[in-house]
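A short worksheet on the structure shown next.
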Number of protein chains: 2
Amino acid sequence: MIEIKNIGEYLKVNKIMPSVQRVKIFEYLYTKRNHPTVESIHKELIDEIPTLSKTTVYNTLKQFVEKGIIQIINIEDNETRYDADTSTHGHFKCIKCGIVYDFLFDNSDIKINGLDNFDIHQTHLYIKGICKNCKN
Amino acid sequence: MIEIKNIGEYLKVNKIMPSVQRVKIFEYLYTKRNHPTVESIHKELIDEIPTLSKTTVYNTLKQFVEKGIIQIINIEDNETRYDADTSTHGHFKCIKCGIVYDFLFDNSDIKINGLDNFDIHQTHLYIKGICKNCKN
DNA sequence: TGTTACTTTGCAATCATTACAAAGATGAAA
DNA sequence: TTTCATCTTTGTAATGATTGCAAAGTAACA
Ligand SMILES: [Mn+2]
Ligand SMILES: [Mn+2]
Ligand SMILES: [Zn+2]
Ligand SMILES: [Zn+2]
């Protein structure tokens, strides 16, 4: 994942005006790296920014996705998660504790059968199971 | 994907009472293989079964998932799709026409880095891009 | 200060999904 | 055939996530 020294600058470079709310939301995604939902981002930041609207969280995340600085992670159908790491990597969700872990894999290892002449834009790989800490 | 001659029998074997609605819903998933949403299943069957409730579609699909005869496909965050093919295979969604294609891949090719001592239950791979027919 | 453009907020609307209780169907026992 | 128990479906209301939109707020600048 890329190194970012100044989040305000990073947003500007990506054509996003760095308002207080946007900087805090990106900072949360970037530093925690815990694949949060809208709900958990809002819950976490409401203390620092008591006026923060949930609509703003939605608006901001949508803009970040459009500008390509975060990605959406769909594992469960009832929770959309977000990730400031847009590099190709996989996700493991533990069905016991609910934590979403990152893992690495080599895209070029996967031999795809049946998509000749298809243009591939994004590859998503996720796994469900039991994490090391939840076994016994 | 497995061969099924009699859907009613197949449901019974899997401890599901084969009501008219359940047989029709499974038949739709099994024969069309188009990864439909609840909405499209309901829309398609309402002519044949004019009293069919959307609740019944939800109930039935949830039961099928619990019994393991269908699987959920999460590609977009706003549409849950269902698949009667529960074997390990990948999905390609065309961002132009919206069609979800199946493709094959070999699970054992993927070398995963960072999940030592994790128990893997399910592996999901999906790709987004432009399908052959939409490239002109 | 006044103007403009952009951002955030709050609330209402929409859409997907679930909960629940009433009504309907099935099938075996009497 | 009637009765009874059980399972299934239906309709509606409730919930929860997400979006639309207009009003209020902010920042830069002439
Ligand atoms: Mn990640
Ligand atoms: Mn499939
Ligand atoms: Zn765990
Ligand atoms: Zn297409």
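Proteins come first, then strands; the chains are lettered A, B, ... in the order of their sequence lines, and each starts at number 1.
Computed from coordinates, the L52(B) CG to dT8(D) P distance equals 16 Å when rounded to whole Å. Taking atom CD of residue E79(B) and atom C1' of nucleotide dT18(D), one finds them 15 Å apart after rounding to whole Å. Between the C1' atom of dT8(C) and the NZ atom of K24(A) lies a distance of 17 Å, rounded to the nearest Å. In this entry the distance linking CZ of R22(A) with P of dA27(D) reads 13 Å, nearest Å. As a whole-Å value, the separation of K54(B) NZ from dC15(C) C1' is 9 Å. Taking atom OH of Y58(B) as the reference point, atom C1' of dT12(D) lies 15 Å away to the nearest angstrom. Counting to the nearest Å, the P atom of dT26(D) and the CD atom of Q21(A) are 10 Å from each other. Here the C1' atom of nucleotide dT4(C) and the CE atom of M17(A) are 15 Å apart, to the nearest Å.
Nearest nucleotide to the side chain of T55(A), out of dG11(D), dT17(C), dT9(C): dT9(C).
Nearest heavy atom pair, residue I25(A) against residue T56(A), reads CD1-O, 4.5 Å. Of all non-hydrogen atoms in C94(B) and I130(B), the two that sit nearest each other are SG-CA, 4.0 Å.
Among the heavy atoms of the strands lying under 4.0 Å from S19(B) are primed sugar atoms or P, OP1, OP2 only; no base atom is included. Across all strands shown, N59(A) has heavy atoms under 4.0 Å from base atoms, whether or not it also approaches the sugar-phosphate. At the heavy-atom level, E39(A) lies nowhere under 4.0 Å from the strands shown.
The side chain of T51(B) places an N or O atom within less than 4.0 Å of a non-bridging phosphate oxygen (OP1 or OP2) of dT10(D).
When each of T60(B) and D77(B) is assigned the nucleotide of DNA chain D with its nearest heavy atom, T60(B) is the one assigned upstream, toward the 5' end.
Salt bridge D119(A)/K135(B): present, at least one basic N to carboxylate O contact under 4.0 Å.
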task = Could you walk me through whether I16(B) and Y10(B) pass the side-chain contact (heavy atoms from CB on, under 4.5 Å) test, one step at a time?
result = CA-CA 9 Å; I16(B) 299 166; Y10(B) 182 70; over 6 Å; no

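Cation-pi geometry between R33(A) and Y30(A) is met: under 6.0 angstrom from the ring centre, within 45 degrees of the axis.
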